[in-house]
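Here's the structure, in structure tokens; my notes come after.
Numbered from 1 within each chain, the chains take letters A, B, ... in sequence-line order.
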Number of protein chains: 2
Amino acid sequence: MTATVSSVAGVSKSDATRNLIVQTALRLFRDNGYDKTTMRAIATEAGVSVGNAYYYFSSKEHLVQVFYDRIADLHRETVEPILASEPDFGERLRAVLLGWLEVATPYQEFGVQFFKNAADPASPLSPFSPESSPARDAAIGVFTEVVDGSDVKIAPDLRPELPRLLWLYHMGIVLFWVHDRSDGCTRTRLLVERTVPMIDKVVGLSRLRVLRPVTREAISLIQDLIPGVSR
Amino acid sequence: MTATVSSVAGVSKSDATRNLIVQTALRLFRDNGYDKTTMRAIATEAGVSVGNAYYYFSSKEHLVQVFYDRIADLHRETVEPILASEPDFGERLRAVLLGWLEVATPYQEFGVQFFKNAADPASPLSPFSPESSPARDAAIGVFTEVVDGSDVKIAPDLRPELPRLLWLYHMGIVLFWVHDRSDGCTRTRLLVERTVPMIDKVVGLSRLRVLRPVTREAISLIQDLIPGVSR
DNA sequence: GTCTATAGCAAGATAGAC
DNA sequence: GTCTATCTTGCTATAGAC
């Protein structure tokens, strides 16, 4: 409520410092990797004291959250035009996944940290944690758009579950990507190019009578076991 | 080659110390969890110096590998009788998965560490790393037995890939288990109980003519992308 | 409320003497 | 093979300047 002169201009001193620390941290993370980037180095490089860095970010991992958000925003921007124009489900899905790879790949080495957190249920930075729920909901939201804005034919009871399933599928791709050492992540791209048509096909087949029982079981299982993941 | 007197007896001094450290570490890990067990504590409790502990185990994580092997051995033993007698594919699979949960659950808290390693492609402790390949091959071997000793009807070109796929499926269940905070891991057990019949069914359906193209694509994709995982 | 400087702890890891 | 001493780094704490 106490707006300073600079905050009226939109950039308080606090914001500036916070930003400076973030920029420095992301740069060092990208250049030297997460582990080799010490809090001391971030502080020194940003020209602030260690104490000050901790004043803004309660832990080194906390800086990772900023990275997530940055990527998510970039992703959304990148993908928006395609989602606004393309009606084909497979194409939409493909664009969203390849778009993610595009914005994330410069930080790939750093992405390991993401899955180290993902693996730890206790970490607030895990994509499955309650603390991550806004970021997760936003991510799932993108897949909701993928489904809703498309002309996909789909078993009606599968439809509401599909965005969450696609998000899980995306998590799987990210896991693969983290391990992908191929040039320009060719292998991950290949994985996307070849699994998207399969998903597309399977989603369509979900309406087949032979598959109804399996589909139904799968849906009820998901509803029973994973409700916590998206709420 | 320089066999000492004691190594002739089968237990060199080196072996004894190594063993002492391992026993102590596993006990402390189980009782206090991985994070709360310090190398100092392990060393002190074992009556050796910290430096000596590091002489045998180059890092704290290195001690985790010992834990893996222990679990794997126990699992194999537990599951052997069922694999020797039960012919039904679904039952075999179910027994192997529930058996794993049984031996692993006392160390569940500790299991987080497993997936932190799994997430890091650079870690030799990752189940996907070349260094883990013996342990991984052994694990996949169990699933080979599950398939080979059963009466399962299956598309012939899927058969050789199935053990690796089942291992991946198992990894997925382990990931779920690590996050499972329910009493006695009821939720994970439920996941097994309900996905095993689905797998069973889908494996059978793989022979259906409608599904042949999808199956074939899936198989060729796996062969193209994941060969490194099992070699 | 923002920031510096500095001291210090805990714990993983290493160096070098013996 | 083993130990002692030391280093590194994430993180905390405090005291004080503006």
Taking any heavy-atom pair under 4.0 Å as a contact, classify Val50(A): base, sugar-phosphate, or nothing. nothing
Atom pair distance, as rounded to whole Å: [atom1] in [X] and [atom2] in [N]:
X	N	atom1	atom2	value
Arg18(B)	dG1(D)	CZ	P	9 Å
Leu63(A)	dC11(D)	CG	P	10 Å
Arg40(B)	dT6(D)	CZ	P	14 Å
Asn19(B)	dG1(D)	CG	P	14 Å
Lys60(B)	dA13(C)	NZ	C1'	12 Å
His62(A)	dG10(D)	NE2	C1'	16 Å
Tyr54(A)	dT12(D)	OH	C1'	9 Å

Given the side-chain rings of Phe110(B) and Phe67(B), with only the six-membered ring counted for Trp, is the space between their centroids under 6.0 Å? yes
With a 6.0 Å cut-off on the ring centroids, do Trp177(A) and Tyr107(A) count as close?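 They do not qualify: ring centres at least 6.0 Å apart.
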Are any of the side-chain heavy atoms of Tyr169(A) and Val196(A) separated by less than 4.5 Å? yes
Give me the atom names and distance for the closest heavy-atom approach of Ile71(A) to Val103(A).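 Ile71(A) and Val103(A) have their closest heavy atoms at CD1-O, 3.7 Å.
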We want to know whether Ser220(B) and Arg194(A) form a side-chain donor-acceptor pair, criterion being a heavy-atom distance below 3.5 angstrom. yes
Using a cut-off of less than 4.0 Å, is there contact between a side-chain N or O of [X] and OP1 or OP2 of [N]?
X	N	result
Tyr55(B)	dG1(D)	yes
Ser49(A)	dT4(C)	yes
Tyr56(B)	dT2(D)	yes
Asn52(B)	dC3(D)	yes
Thr17(A)	dC3(C)	yes
Ser14(B)	dG1(D)	yes
Lys13(A)	dT2(C)	no

Give the nucleotide from the list dA11(C), dT4(C), dT12(D) with an atom nearest to the side chain of Thr38(B).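 Selected nucleotide (nearest to the side chain): dA11(C).
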